[in-house]
Chemist: 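Attaching a single structure in structure tokens format; questions to follow.
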Amino acid sequence: MALMFSKRLGRSLLVLFLVTVAVVGLLGLAPGSVADVVLGENATPEAVAQMNTELGLDQPLWRQYVDWLGSALHGDLGSSPITGQDVTQAILDRLPVTIELAVMGLFLGVAIAIVLAVIAAATQGTAVDRAISAVSSGFLAVPAFIAGPVLIYFLGVQLGWFPVSGWSRISDGLGANLQHAFLPAVAIALVEVATFQRLLRTDLVSTLREDFVSAARAKGMPRAYVLFRHALRPSSFSLITMAGISLGRLIGGTVVVEILFGLPGLGQLVSSSITVRDVITVQGIVVFIALVYVVVNMLVDTSYGFLDPRVRKAVRA
């Protein structure tokens, strides 16, 4: 497991390095500068040059990257030239909202998908299987920007079961927090349910045809026990991979949901920063999300060794 982890770590660090180079390089090629945005169109060339010097933007791009990387390794992603707020602190302030939404949406998606996939695989080819497939297809056709307004209208406005905007921290009460988080999490989870259910059902159907499953059935083991004890775990590799990828993607992709529900998360921060061309904040958030994405995928890859001893043997070979 140590060898497997070291290999994954090396690849992850390389990916993260390339992402940081790409982010800094692309922002360096963008027209204009931070000084142009802060000082406005009527700023004198002298004032722009002075601010560029203060921000270190008059240095060669490679030098800017080295300086930025040295600071980033110590947790310093710079300060917003628009608001003056420390970017790292701005991310940490809004991160709990985005993480809770992503994790809660992913948990709901995986939990519902496992139940539907197991039922569909156990009733393969029947009307129940076809009905579940139809429901999954319906979920797949309902992205968050459609599901969100529908949920707001029916469950928030018409029935009044959940608040339609705003956020309540966990420290202010778990009940109020879950009430504010439920509708956004469901909007996120619907598409995930469709993807996870189809993927797991396919793997389960294939696993149920394996010899070790037939042997378990021949011993007279209950059908549910065979499904959950013998078939579900070896069928979960693709699901774990997709869930890990989805978690990293959801942390950076909750922009629409956070805007729809008025939530103070990273998505809303990115949106507002892009609007005012706050490239320092955008750069910091992109790099942070890339780091989360890489770490999550590294942990997902490493988890294979715990789930299947054959993976550990392959690494040692």
Chemist: Is there a path from F107 to I99 through hydrophobic residues (I, L, V, M, F, W, Y) whose side chains come within less than 4.5 Å of each other?
Modeler: no

Chemist: With rounding to the nearest 0.5 angstrom, report the CD to CG distance, Q89 to L95.
Modeler: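 The distance works out to 11.0 Å.
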
Chemist: As an exercise, state the distance from CG of L77 to OG1 of T281, rounded to the nearest 0.5 Å.
Modeler: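 Nearest 0.5 Å value for the CG-OG1 distance: 9.5 Å.
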
Chemist: What distance separates L239 CG from R201 CZ, expressed to the nearest 0.5 Å?
Modeler: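 The CG atom of L239 sits 15.0 Å away from the CZ atom of R201.
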
Chemist: Between F261 and I152, does the side-chain contact (heavy atoms from CB on, under 4.5 Å) criterion hold? Intermediate values first, please.
Modeler: CA-CA 8 Å; F261 290 90; I152 289 173; 3.4 Å; yes

Chemist: Are L178 and M104 close enough, and set up right, to give a side-chain contact (heavy atoms from CB on, under 4.5 Å), and what steps lead you there?
Modeler: CA-CA 10 Å; L178 292 178; M104 190 172 174; 4.2 Å; yes

Chemist: Distance from L263 atom CG to E100 atom CD, nearest 0.5 Å?
Modeler: 10.0 Å

Chemist: How close do A194 and S136 get, counting heavy atoms only, and between which atoms?
Modeler: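 That closest heavy-atom pairing would be CB-O, 3.1 Å.
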
Chemist: Say whether, by atom type as modelled, one donor and one acceptor occur between the side chain of T123 and the main chain of T126 under 3.5 angstrom.
Modeler: no

Chemist: Identify the heavy atoms of Q268 and E258 that sit nearest to each other, and give their distance.
Modeler: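 Shortest heavy-atom contact: N-OE1, 3.0 Å.
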
Chemist: Can you check whether L266's main-chain N or O pairs, donor with acceptor, with T98's side chain at less than 3.5 Å?
Modeler: yes

Chemist: Looking at V157 and V164, what are the two nearest heavy atoms and their distance?
Modeler: N-CG1, 4.1 Å

Chemist: Restricting to non-hydrogen atoms, name the atom on P264 and the atom on W167 that form the minimum distance, rounded to 0.1 Å.
Modeler: CD-CB, 3.6 Å

Chemist: If you measure only the distance, is there a donor-acceptor pair under 3.5 Å linking the side chains of Q179 and S168?
Modeler: no

Chemist: Side-chain contact, heavy-atom cut-off 4.5 Å: F182 with L151?
Modeler: no

Chemist: To the nearest 0.5 Å, what is the distance between CD1 on I285 and OG1 on T88?
Modeler: 10.5 Å

Chemist: Consider only side-chain heavy atoms of I, L, V, M, F, W and Y, link residues closer than 4.5 Å, and tell whether V205 and L116 are in one cluster.
Modeler: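 Each belongs to a different hydrophobic cluster.
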
Chemist: Are any non-hydrogen side-chain atoms of V287 and L291 less than 4.5 angstrom apart?
Modeler: no

Chemist: Output the distance between atom CG (L101) and atom CG (L183), rounded to the nearest 0.5 Å.
Modeler: 11.0 Å

Chemist: Could you check whether any side-chain heavy atom of N177 comes within less than 4.5 Å of a side-chain heavy atom of D172, counting everything from C-beta outward?
Modeler: no

Chemist: To check you understand the geometry: which heavy-atom pair defines the closest contact between A120 and I132, and what is its length?
Modeler: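 That closest heavy-atom pairing would be N-CD1, 3.9 Å.
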
Chemist: Give me the atom names and distance for the closest heavy-atom approach of S79 to D86.
Modeler: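 Minimum heavy-atom separation between S79 and D86: OG-CA, 4.0 Å.
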
Chemist: Output yes when a side-chain donor or acceptor of S133 lies under 3.5 Å from a complementary backbone atom of D129, and no otherwise.
Modeler: no

